[in-house]
Amino acid sequence: MDKLRLIISTILCLLISGGVFLHAESDRVGHVRAELTAESPAIYPGQSFLISLKLKVDDGWHIYWRNPGDAGAPPSIDWKLPPGFSTGEIMWPYPERILLPPLTNFGYEGEVSLLSEITAPLDLKPGDKITLNAIADWLVCKEVCIPERADLNLTLNIADGKTIPNSPHPEDFTNAKALLPIPAGDWNISGEYNDTVIIFTLTAPDWFDGRLSTVDFFPYNRGVVANSLIPTLTREGQSYQLSISRDMRVHYLPDKLNGILTTPSGWRGPDSEKAMEISVEMKPVNFVADTEGVSNLGIALLFAFLGGLILNLMPCVLPVLSLKIFSIINQANQSRRTSVVHGFIFSLGVIVSFWILAGGLLILQAGGQSLGWGFQLQSPAFLVILSSFLFLFALSLLGVFEIGQTIPGRLAQTTREGYPGSFLNGVMATILATPCTAPFMGSALGYSLSQPPVISLLIFTFLGIGMAMPFVILSAFPGLLRFLPKPGQWMETLKHIMGFLLMGTILWLAWVLSLQAGADAVIMLLAALLLLSFGAWLRGRWGNLALGRIKRLTSAAAFAFLITLGLTVGLYGIDRTERRPDTSDSIIGQGIKWESYSPDRLSELRQSGRIIFVDFTAAWCLSCQVNERVAFGSDEVQNKFAELNVAAIKADWTSRDENITRALAAHGRNSVPLYILYYPGVATPVILPEILTPGIVLKELNSIANKPSTM
């Protein structure tokens, strides 16, 4: 008995002389068991030591990494330490992907140890005890998510430095450290990005004799990558390229991208560390998905000029441009100087209008508004005002009244036939051009998004110059019109036809209004137009200069009153709860079933591996409507969509939609139409031309067999 007492006393003395006593407390909370442990039981004054928060999660449940992915929240530790102690940030082991379609989360299942480094003060006394307290919070999820909390304590004695006892948990800490990311070291990593993907170029050090099979990327920040899409790895000589799909819901990308890269191959060869921490400076690159890409200012200005030139052939502006040609014919007998000035004034009206629209767009975007080309036509109020103005202009062309009757003297004549009329034609042509995007124009406008305001305005200026150029040439060289009939009675008939064409334009605007604000708004617009027509008739009937002054003044007052009343009625009829058209069940040609665009739905479909066709469109975009009837109305195109099981998504921009605006911006565009094809296994999408034919769509879909898979 005495011998046994001696042995026990000796062991106790050794422990006490070593100055160490370790006590760990574990706590079972809900679906997680939490425990605090120390790497070494020896706590020395002024030195650092590692503490582990070990979390053991029930089967089927999971907790989250520092960036939880699409949903969730990371664990946190609130340390309550004795005076003089300090602690660092949590050392996060690399996570795994946790798939809960349509969500993809980053986190841990089973058991994980979150390490923290704690530094002791210098004034500790050997033999004393200290207690570390940690309040740990985490979110544990399965079909449901449950927030849990544990209040944990760890009691340690202070060592005297004479003895160094062995760690009670050597394997736990060795395994935990192996899961921490290592520095990039000799790996050379550069980064580029464009509107859809992030591309890392990984150059291995000379001593690396391994071969990477797959690489995954986990960013520290949320909203950077499309979490559901696995990055794709390709090898180019001694380097690798990792293509990562961006989160299409977020346009902003940090200048420096931080996160970890993981590979089962090991970053120092087989059986080495699987995770590496990176911090990469990101450089923007201009990805050209079609032949209309823009990479510098010179090309942007050229494309803007060509786009403006082709814009004259778009259906949006033909009624007004026909009027301009009509006025040039009417001015054929005037001097060449006068004709040139008219062309210049028309061009000025076009360019000034582009400046006003571009300036308004830039100012609103700078104020945080998500807007794009044609933004004013997303406003029901603007549609009412524009319809009213065009209606009055059409009535004037039909001879109901003369616009010049509202302006006295010689100014009336110049308004009907002179410089103000040319300027007004330029303004109207520009306003009606905004629903259209011509070839080359979309890329130029998209390029302007990333430029300073001065450059953006310069691009819009060249767009206006391109649109006005044909009329400047016709005005400067009226002999080019010699093949047309000479001025005569036929011009009056042509003017009336132009009036009816403008009436057709109003019909289209009323249809767009019905999609935005409902049928009641259209009824009120018709009532407003009725009042305007009555006012125009009164002005035409009693506004003639041959009549007495009293009658003319009375008709002018009645005209002004009825215009004001009509506009008030039309604006009052707008339903403030705007209704966007339901495209989820719309079927073009009974063959293509479209569903509404949403960033989440697009991510879900991309994860499913289907071919995806996204149609960015708007009811006020006549080019879009023509494309839908011509290209998507084709039986061959519909059959090919069905054969390949193409997922058809319609991103309808008729009314303002910030998700669609951001998606357009992500592809370097701020206008419609835009047509995008996503292929399974291909990192970057294909952008189709603005003007579609069945042949263009079929050619692209038939080329799928030749698409190199990079997934």
Side-chain angles (χ1 to χ4, degrees), residues 319-331 342 346 349 383-429 431-432 487-510 522-571 573:
V320 175
L321 296 185
S322 299
L323 288 174
K324 180 55 186 172
I325 296 176
F326 175 84
S327 67
I328 292 176
I329 296 172
N330 199 35
Q331 296 159 6
H342 274 288
F346 173 82
L383 291 176
V384 169
I385 295 172
L386 179 59
S387 298
S388 301
F389 176 78
L390 292 179
F391 184 68
L392 289 173
F393 194 64
L395 291 179
S396 178
L397 292 174
L398 292 170
V400 175
F401 81 114
E402 290 287 340
I403 290 181
Q405 290 177 350
T406 61
I407 306 174
R410 296 187 58 180
L411 186 57
Q413 182 179 359
T414 59
T415 303
R416 291 194 299 270
E417 303 174 357
Y419 301 142
S422 293
F423 187 87
L424 185 61
N425 277 335
V427 172
M428 282 202 304
I431 291 174
L432 290 177
Q489 184 60 36
W490 68 272
M491 294 180 62
E492 190 70 15
T493 302
L494 179 61
K495 185 172 72 169
H496 292 166
I497 293 174
M498 293 299 103
F500 285 112
L501 286 177
L502 284 182
M503 290 290 186
T505 302
I506 296 165
L507 182 63
W508 158 61
L509 292 174
V522 176
I523 297 299
M524 298 301 285
L525 173 62
L526 294 177
L529 298 183
L530 176 62
L531 292 170
L532 294 179
S533 64
F534 183 51
W537 177 78
L538 287 176
R539 185 58 177 159
R541 182 70 175 81
W542 287 289
N544 194 292
L545 293 176
L547 298 177
R549 179 179 177 83
I550 299 299
K551 287 185 178 181
R552 286 188 284 110
L553 291 176
T554 302
S555 66
F559 181 63
F561 171 75
L562 288 171
I563 286 180
T564 304
L565 179 61
L567 288 175
T568 302
V569 169
L571 295 174

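Only heavy atoms go into these numbers, but all of them, side chains included; no hydrogens, no water, no symmetry mates.
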Would you name the heavy atoms of [X] and [Y] that are closest together and state the gap between them?
| X | Y | value |
| --- | --- | --- |
| Ala527 | Val569 | CB-CG1, 4.2 Å |
| Leu392 | Ala536 | CD2-CB, 4.4 Å |
| Ala528 | Gly566 | CB-O, 2.9 Å |
| Ala558 | Leu538 | CB-CD1, 4.0 Å |

Q: Report the C-alpha separation of Phe559 and Trp537 in whole Å, then their side-chain angles, then the decisive distance to 0.1 Å, and conclude whether the side-chain contact (heavy atoms from CB on, under 4.5 Å) test is met.
A: CA-CA 9 Å; Phe559 181 63; Trp537 177 78; over 6 Å; no

Q.
Checking Leu529 now: which residues fulfil side-chain contact (heavy atoms from CB on, under 4.5 Å) with it, not counting sequence neighbours?
A.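 side-chain contact (heavy atoms from CB on, under 4.5 Å) check on Leu529 returns Ser388, Phe391, Ile506, Leu525, Leu532.
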
Q. Which residues pass the side-chain contact (heavy atoms from CB on, under 4.5 Å) test with Phe500, sequence neighbours left out?
A.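 Per chain and number, Phe500 pairs via side-chain contact (heavy atoms from CB on, under 4.5 Å) with Leu398.
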
(Q) Once rounded to the nearest 0.5 Å, what's the spacing between atom CG of Leu526 and atom OG of Ser387? (A)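 So the CG of Leu526 and the OG of Ser387 are separated by 9.5 Å.
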
Q) What is the distance from atom CD1 of Ile385 to atom CG of Leu571, rounded to the nearest 0.5 Å? A)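 It is 5.5 Å, given to the nearest 0.5 Å.
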
Q) Between the main-chain N or O of Leu530 and the side-chain N or O of Ser533, is there a donor-acceptor pair closer than 3.5 Å? A) yes

